[in-house]
Amino acid sequence: MARRIDVTGTGGVRLAAWEFGDPPKTDPAQDVRDGHGAHHGHTAPEGSPGVLLLHGLMGRASHWAYTARWLSARHRAVALDQRGHGRSDKPPQGAFTRDAYVDDAEAALEQLGLARVVLIGHAMGALTAWQLAAKRPDLVRGLIICDMRASALGAASQREWGQWFKSWPLPFATLADVRKWFGEDDPWVERPNPARGEFYAEVMAESPDGWRPVFEPEQMLRSRETWVYDAHWEELAQVRCPALVVRGLDGELGRAEAQEMVRVLPRGQYAEVADAGHLVHYDQPEAWRAAIEPFLDSLGDH
C-alpha cells in the first residue's frame with residue numbers, strides 16, 4: 001500500500017511523495033501539512049528512521065515499490081516523484097536545474113519530517129542525493145548511490161539521448177508493445193530484458209491515440225543537460241556521512257570509476273550486483289536488497 005502526500009518544491013512546484021507500509025500511529029502534533037494546507041497525519045511512530053528514495057531520469061516513485069515495502073518494516077520509507085516525473089507537476093517553463101532538484105528533495109525532507117534521513121538514489125536521483133548530502137549534512141545520516149557516474153558524460157552523450165528519444169515509435173498501440181519495444185526492439189538493448197520493458201511500461205499513460213510517456217522528453221533532456229557536461233567529484237568529497245556505491249555488473253557505472261568514487265567519499269563503501277544492468281534495483285530486487293541491507297544495518301535505527 002502506498003499513500004500520496006503532496007509537498008511543495010522550490011518555486012511552488014507540487015510534488016507527489018508516496019509513503020509505503022502500514023498506516024503508522026499518528027501524533028497530531030506531527031501531522032504533515034501539504035502544499036494545499038491539508039493535513040495527512042502520515043507520520044511514522046516515534047523513533048522510526050526516515051528513508052527518502054529518489055528515482056532516476058524518466059523514472060517514478062513506483063519503481064522503488066519493492067525496496068520501500070521491505071524498508072517499511074523498520075523505516076518510514078517515502079519515494080518522491082521528482083519534478084517533471086510521475087504524478088508531480090511538469091511546468092512547461094519550470095526550472096529543471098540541478099539546484100531545483102536538490103532544493104525539491106531538501107524541501108520534501110523538511111515538510112515530511114524525515115530528517116535525519118537515509119537517502120537512496122538511482123542514476124540522476126543518486127546525483128541529487130549526494131549533492132543534497134554535501135549541501136545539508138545535518139539532514140542526512142546515510143547515502144546509497146545506485147549506478148551513477150561522477151565523471152562528465154559530455155556532448156556526444158546528450159546528442160545520443162536526443163536521437164534516442166526521436167527513435168521511440170510513439171504512440172504505442174498497447175502496453176504489450178511498450179514492453180516489447182523497450183525490452184527487445186530498442187536499439188539500445190543488447191539482449192532481451194523483460195525487466196526493462198516493465199520499467200518503461202510503468203511510465204506510460206493511455207492517451208486518445210495510444211500510450212505515451214507521462215513525462216515530456218524535452219523536459220528530460222533539459223534536466224539531463226544540467227549535469228552531463230560536468231564532473232561531480234567535488235560534491236562527493238564533501239559528503240560526510242557513510243555512503244555506499246552500488247553498481248550492476250552490466251550497468252553504466254564501471255568498476256574502476258565506482259571504486260574511485262568510494263575512495264573520494266570520506267566514508268565510502270562498495271557493493272556490486274551480478275546479472276544486473278543499469279536498473280539494478282529493478283533488474284535484481286532481491287540481490288539489490290542483499291547488497292544494501294548490511295549497510296543499512298550498520299547505520300542503526302537512529
Side-chain angles (χ1 to χ4, degrees), residues 2-21 23-55 60-61 64 68 71-72 74-89 91 94-122 124-145 223 235 238-243 296 299-302:
R3 292 175 299 283
R4 174 173 171 167
I5 307 171
D6 284 346
V7 297
T8 303
T10 188
V13 173
R14 183 188 54 82
L15 305 171
W18 302 87
E19 185 173 358
F20 290 79
K25 298 176 183 177
T26 301
D27 177 351
Q30 295 181 337
D31 274 4
V32 175
R33 183 183 291 273
D34 70 17
H36 305 284
H39 284 283
H40 289 276
H42 295 154
T43 306
E46 183 86 22
S48 293
V51 176
L52 183 68
L53 301 117
L54 300 172
H55 60 74
R60 66 186 307 170
W64 288 115
L71 282 172
S72 69
R74 289 173 51 189
H75 304 79
R76 183 176 178 218
V78 180
L80 183 67
D81 277 336
Q82 296 170 82
R83 62 176 51 217
H85 296 76
R87 300 282 185 87
S88 290
D89 284 350
F96 289 90
T97 63
R98 280 285 82 222
D99 285 345
Y101 280 102
V102 173
D103 290 347
D104 283 350
E106 181 180 356
L109 285 185
E110 293 179 329
Q111 291 171 47
L112 293 165
L114 287 176
R116 293 180 73 234
V117 74
V118 176
L119 294 175
I120 302 178
H122 173 246
M124 184 188 74
L127 176 59
T128 300
W130 87 61
Q131 289 180 327
L132 177 55
K135 176 187 176 185
R136 292 294 306 273
D138 56 310
L139 296 181
V140 184
R141 68 188 187 93
L143 169 68
I144 298 178
I145 296 167
S223 298
E235 298 103 315
Q238 295 169 359
V239 173
R240 301 178 193 173
C241 64
L296 292 169
L299 298 176
D301 290 337
H302 298 283

Spacing of CD1 belonging to Ile120 relative to CG belonging to Leu54, to within rounding of 0.5 Å: 9.5 Å
Between CG on residue Asp99 and CD on residue Glu106, distance to nearest 0.5 Å: 10.5 Å
Pro242 side chain near Leu143 side chain, heavy-atom distance below 4.5 Å: no
Minimum heavy-atom distance Leu80-Ala105, with the two atoms named: CD2-CA, 4.5 Å
Pair Glu110-Leu139, side chain to side chain contact (heavy atoms under 4.5 Å, CB included): steps then yes or no: CA-CA 9 Å; Glu110 293 179 329; Leu139 296 181; 4.2 Å; yes
Rounded distance [0.5 Å steps], CD in Gln82 versus OG in Ser223: 9.0 Å
Minimum-distance pair of heavy atoms, taken over all atoms of Leu119 and Val140: CD1-CG2, 3.7 Å
Closest approach of Ser88 to Leu15 (non-hydrogen atoms, all atoms of both residues): OG-CA, 3.2 Å
Shortest non-hydrogen contact from Val239 toward Ala134: CG2-N, 4.2 Å
Geometric class of the Trp64/His122 ring pair [parallel <30°, tilted 30-60°, perpendicular >60°]: perpendicular
Plane angle bin for Tyr101 and Phe96 - parallel if under 30°, tilted between 30 and 60°, otherwise perpendicular: tilted
Polar side-chain atom of Gln111 near backbone of Thr8 as donor-acceptor pair, under 3.5 Å: yes
Considering all heavy atoms, the nearest Ala95-Ala100 contact: O-CB, 3.8 Å
Check: Val118 main-chain N/O paired with Arg141 side-chain donor or acceptor under 3.5 Å: no
Under 3.5 Å donor-acceptor, Gln131 side chain and Val102 backbone: no
Distance-only side-chain donor-acceptor flag, Arg83 / Thr10, under 3.5 Å: no
Test: Arg98 and Glu235 ion pair at under 4.0 Å: no
Atom pair CZ (Phe20) and NE2 (His75), whose distance is rounded to the nearest 0.5 Å: 15.5 Å
Greater than 12 external heavy atoms within 6.0 Å of Arg136's CZ: yes
Heavy-atom closest pair, residues Asp104 and Gly9: OD1-CA, 3.3 Å
Main-chain N/O of Leu112 paired to Arg76 side chain as donor or acceptor, under 3.5 Å: yes
Working for side chain to side chain contact (heavy atoms under 4.5 Å, CB included), residues Trp130 and Ile145: CA-CA 8 Å; Trp130 87 61; Ile145 296 167; 3.5 Å; yes
Derivation and outcome, side chain to side chain contact (heavy atoms under 4.5 Å, CB included), residues Val78 and Val117: CA-CA 10 Å; Val78 180; Val117 74; over 6 Å; no
From NZ (Lys135) to OG1 (Thr128), nearest 0.5 Å: 11.5 Å
Residues Asp81, Arg4: salt bridge by 4.0 Å N-O rule: no
